[in-house]
Amino acid sequence: MSAPDMQGRTAVITGGSRGIGLAIGQRLAAAGANVVLTSRDQDSADAAAAQIDGNAIGVAAHVAEDAAAQRCIDLTLEKFGSVDILVNNAGTNPAFGPLIDQDHARFAKIFDVNLWGPLMWTSCAVKAWMGAHGGVVVNTASIGGLSHAPLMGMYNATKAALIHVTKQLALELSPGIRVNAICPGVVRTKLAEVLWKEHEQGLSSAIPLGRIGEPVDVADAVLFLASDAASWITGQTLVMDGGQILGDATGYRAVFGG
């Protein structure tokens, strides 16, 4: 398969100043796309754009603020003339811990960022451009939205809801707009540090493919979903977790080797 050609297309990536979001921006730009990276402050957004080899700008925009989203979409259209790809990547987890220990402030923040944000940015992009011209939306969910884990209940609930919203949007926005979700496992990012930093070796041993993910692993999948190679794919959730969701591989290897 030849590398996707994204020349002439413009991608907006929320939460694009580091980690998965930045890697997605770099991959899309390398394929020829114009890239807009958002972050909560302009300095971080500018620093991220400077790491892109291609046409890229950074825009300060809090993912849960309607006016900030609209301003970013307007700036994108002014600068590049289209919004062909939207990657709803920004996420947060202020509610790490048991569900019964959460308060409403943390509940509201995590659902605002992880669920309302993607829905609202999609609405802005569709009404400003995609509704008339078509486009692609990719939402960053998680394998947590497909399973359960101690202390991750609130975060996983937002990702389960995002998977549902992805399918609903795919139906409502068809046929002109494709909407899919990615479901990464544990990836080497700052947001996920609590899951891997102190015990990476043991975690990697339990993953069938023997390692945690890297941001570029996710970026490659997003590039595929955003490209014409995925032109008959919508409403789907693409799991990329090294096989983690299959279960602990340590016991299997102890019995069967490998």
Would you say Gln70 and Asp66 are linked by a side-chain donor-acceptor pair, where the criterion is simply a distance under 3.5 Å? no
Q: Under the side-chain contact (heavy atoms from CB on, under 4.5 Å) rule, what do Ile24 and Leu22 come out as? Steps first, then yes or no, please.
A: CA-CA 5 Å; Ile24 292 170; Leu22 179 57; over 6 Å; no
Does Leu162 share a hydrophobic cluster with Leu173, counting links as ILVMFWY side-chain heavy atoms below 4.5 Å and allowing steps through other members? yes
Minimal heavy-atom distance between Ser17 and Ala48, with the atoms involved, is CA-CB, 3.5 Å
- Residues Thr14 and Asn89: side-chain donor-acceptor under 3.5 angstrom: no
- State whether the side chain of Arg106 and the backbone N or O of Met154 hold a donor-acceptor pair below 3.5 Å, judged by distance alone. no
Could you check whether any side-chain N or O of Lys167 sits under 3.5 Å from a backbone N or O of Asn180, counting only pairs where one atom can act as donor and the other as acceptor? no
Given the options Ile85, Val87, Val59, Val83, Val12 meets side chain to side chain contact (heavy atoms under 4.5 Å, CB included) only with Val83
*For Leu119 and Leu169, run side-chain contact (heavy atoms from CB on, under 4.5 Å): C-alpha distance rounded to whole Å, both residues' side-chain angles, the deciding distance at 0.1 Å, then the answer.*
CA-CA 9 Å; Leu119 179 56; Leu169 285 171; 4.1 Å; yes
Query raised in the report: Where the side chain of Gln244 meets the backbone of Ile207, is there a donor-acceptor pair that is under 3.5 Å apart?
Result: no
Donor-acceptor check, side chain of Arg18 to backbone of Ala23, threshold 3.5 angstrom: yes or no? no
In this structure, CD1 of Ile20 is separated from CD1 of Ile13 (nearest 0.5 Å) by 12.0 Å
All heavy atoms of Val187 vs all of Glu214, minimum pair found to be CG1-C, 3.6 Å
>> Hydrophobic cluster membership, with links at side-chain heavy-atom distances under 4.5 Å among I/L/V/M/F/W/Y: are Leu146 and Ile233 in one?
In response: no
Exercise. Less than 4.5 Å apart, any side-chain heavy atom of Ile163 and any of Cys183?
Worked result: yes
Considering only heavy atoms from C-beta outward, does the side chain of Val137 approach that of Met130 to under 4.5 Å? yes
Closest heavy-atom pair, Leu99 versus Gly153, reported as atoms and distance to 0.1 Å, is CD2-C, 3.7 Å
**Study point:** Val179 vs Gln168 side-chain heavy atoms within contact, under 4.5 Å
**Key:** no
When every non-hydrogen atom of Ala45 is compared with those of Ala60, the smallest separation belongs to CB-N, 4.3 Å
Please check if the side chain of Gln26 supplies one atom and the backbone of Gln51 the other of a donor-acceptor pair under 3.5 Å. yes
Answer yes or no: is there a donor N or O on one side and an acceptor on the other, between the side chain of Asn34 and the main chain of Asn55, under 3.5 Å? no
query: Should we count CG of Asp103 as having more than 12 external heavy atoms under 6.0 Å?
result: yes
Side chains of Ile182 and Val222, heavy atoms from C-beta outward: is any pair under 4.5 Å?
yes
Rounding to 0.5 Å, atoms CZ (Arg71) and OG1 (Thr38) come to a distance of 11.0 Å
Exercise. Look only at the side chain of Asp112 and the backbone of Trp116, and say whether a donor-acceptor pair between them is shorter than 3.5 Å.
Key: no
Between Leu37 and Ile57, does a side-chain contact (heavy atoms from CB on, under 4.5 Å) hold up when you go through it step by step? CA-CA 6 Å; Leu37 304 173; Ile57 61 170; over 6 Å; no
Would you mind reporting whether Val239 and Ile143 have side-chain heavy atoms less than 4.5 Å apart?
-> yes
Review point. Is any side-chain heavy atom of Asn93 closer than 4.5 Å to a side-chain heavy atom of Ile110?
Key: yes
Under 4.0 Å between a Lys/Arg side-chain N and an Asp/Glu carboxylate O for Arg211 and Asp217? yes
Asn88 and Thr122 side chains, donor-acceptor separation under 3.5 Å:
yes
Residues at least two apart in sequence or cross-chain that pass salt bridge (Lys or Arg N to Asp or Glu O under 4.0 Å) with Arg40, listed by chain then number, are none
Treat each ILVMFWY residue as a node, draw an edge where side-chain heavy atoms are under 4.5 Å apart, and state whether Phe107 and Phe96 are in one component.
yes
- Query: Does Met240 share a hydrophobic cluster with Leu223, counting links as ILVMFWY side-chain heavy atoms below 4.5 Å and allowing steps through other members?
  - Reply: yes
Note: Gly58 and Ala49 closest approach over all heavy atoms is N-CB, 3.6 Å
| message | Main chain of Leu225, side chain of Arg178: is a donor-acceptor contact present, judged purely on distance under 3.5 Å? | response | yes
Q. Is Arg9 salt-bridged to Asp228, cutoff N-O under 4.0 Å?
A. yes
Check your understanding: Would you say Asp241's side chain and Pro184's backbone share a donor-acceptor pair under 3.5 angstrom?
Key -> no
Is it the case that one hydrophobic cluster holds both Leu77 and Val126, taking links as side-chain heavy atoms less than 4.5 Å apart, direct or via other members? yes
Would you say the side chains of Ser44 and Asp41 form a donor-acceptor pair under 3.5 Å?
yes
**Check against side-chain contact (heavy atoms from CB on, under 4.5 Å), Val136 and Leu86** = CA-CA 6 Å; Val136 178; Leu86 172 65; over 6 Å; no
So the ring-ring contact (aromatic ring centres under 6.0 Å, His included) pairs with at least one residue in residues 130-153 (sequence neighbours excluded) are Trp129-His133
Those residues at least two apart in sequence (or on a different chain) that pass salt bridge (Lys or Arg N to Asp or Glu O under 4.0 Å) with Asp220 are Arg27
### Query
Given side chains that start at C-beta, do those of Val165 and Pro118 come closer than 4.5 Å, heavy atoms only?
no
Counting N and O atoms only, with roles assigned by atom type, does the side chain of Asn139 sit under 3.5 Å from a partner on the main chain of Thr166, one being a donor and the other an acceptor?
-> no
Margin query: With a 4.5 Å cut-off on side-chain heavy atoms, are Leu75 and Cys72 touching?
Written below: no
